[in-house]
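Beneath this line is the structure, given in structure tokens, with notes to follow.
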Amino acid sequence: ILNVEQSPQSLHVQEGDSTNFTCSFPSSNFYALHWYRWETAKSPEALFVMTLNGDEKKKGRISATLNTKEGYSYLYIKGSQPEDSATYLCAHRNNAGNMLTFGGGTRLMVKP
Amino acid sequence: KAGVTQTPRYLIKTRGQQVTLSCSPISGHRSVSWYQQTPGQGLQFLFEYFSETQRNKGNFPGRFSGRQFSNSRSEMNVSTLELGDSALYLCASSMVPGNTEAFFGQGTRLTVV
């Protein structure tokens, strides 16, 4: 995988549903994987920075896992709420250029 | 603690003009990165500055340039504007480059007519 890819592109769920989405990234020269939450008209908000294979991070109802060997990360939201509606971005940093490469994002819409 | 501040928030320019955007990082942060987002595209990396030095540059033409001052504030400049430069320009600051969290400003929405 040459680019950072996120799936699905968009997702509609009902309030209370749990959901997850995927970020795929190049597995070679891995340095760090970032997750951001971006609400309309606001700044992207940092959720997690993950660096080690097998890392699991949790913040409230949101958690993330990392597999650097196969090049993917999952973001999970338990019991989605309307305020979780946002675009979720992942970004990969390699140990060569050290710059962040973003995926296209997953747009989550939670219906009350 | 003040967040990342970008000015101006909105800007309309005509083709051929040049524009300068400003980013003030969080106090104590020395690394500033710039990104462009156009409709249908993800965030595209422009450049990264640390301690007044450009550390990385994305795949953008030479019309896009930047600099960082001794107080870590950064500016980016786009010369000879084209319609395709219409985008949201975001900057992010972090303490140092690397695996630390990057905090984003609200962006400057540039429209080229």
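All values reported here derive from a predicted model rather than from experimental measurement. Chain identifiers are assigned alphabetically (A, B, ...) following the order of the sequence lines, protein sequences preceding nucleic acid strands; residue numbering begins at 1 within each chain.
Linking Ile, Leu, Val, Met, Phe, Trp and Tyr residues whenever their side-chain heavy atoms come within less than 4.5 Å places B:Met76 and B:Val19 in a single cluster. Transitive grouping of hydrophobic side chains (ILVMFWY, heavy atoms separated by less than 4.5 Å) brings B:Leu11 and B:Tyr89 into a common cluster. Taking hydrophobic clusters as Ile, Leu, Val, Met, Phe, Trp and Tyr residues chained together by side-chain heavy-atom distances below 4.5 Å, B:Leu81 shares a cluster with B:Leu46. In the hydrophobic clustering of this structure, B:Trp34 does not group with B:Leu88; members are Ile, Leu, Val, Met, Phe, Trp, Tyr whose side-chain heavy atoms approach within less than 4.5 Å, directly or through other members.
More than 12 heavy-atom neighbours from other residues, nucleotides or ligands sit within 6.0 angstrom of NZ on A:Lys59. Around CD of B:Gln17, the count of heavy atoms belonging to other residues, nucleotides or ligands within 6.0 Å exceeds 12. By the 6.0 Å contact criterion, CZ on A:Arg107 is open, its count of non-hydrogen atoms from other residues, nucleotides or ligands being 12 or less. In B:Arg15, the CZ atom is not crowded: 12 or fewer heavy atoms of neighbouring residues, nucleotides or ligands sit closer than 6.0 Å.
Only the side chain of A:Tyr36 has a heavy atom closer than 4.5 Å to any heavy atom of chain B. There is no contact between A:Leu33 and chain B, counting heavy-atom distances below 4.5 Å. Proximity to chain A is absent for every atom of B:Ala92, based on heavy atoms less than 4.5 angstrom apart. Only the side chain of B:Tyr35 comes within less than 4.5 Å of a heavy atom in chain A; its backbone stays farther off. Of the two parts of B:Gln6, neither the backbone nor the side chain holds a non-hydrogen atom closer than 4.5 Å to a non-hydrogen atom of chain A.
Note: A:Phe102 and B:Phe45 fail the aromatic proximity criterion, with ring centroids not under 6.0 Å apart.
B:Ser33 has its side chain out of reach of A:Leu100: every pair of non-hydrogen atoms, C-beta onward, lies at least 4.5 Å apart. With contacts defined as side-chain heavy-atom distances shorter than 4.5 Å, the pair B:Phe104/A:Lys42 does not qualify.
Shown here for A:Ala41 and B:Gln106, the closest heavy-atom pair between the two residues is O-NE2, 3.3 Å. Annotation for A:Pro44 and B:Gly105: closest pair CD-O, 4.2 Å, computed over non-hydrogen atoms.
Distance check: A:Leu89 CG to B:Gln37 CD gives 8.0 Å after rounding to the nearest 0.5 Å.
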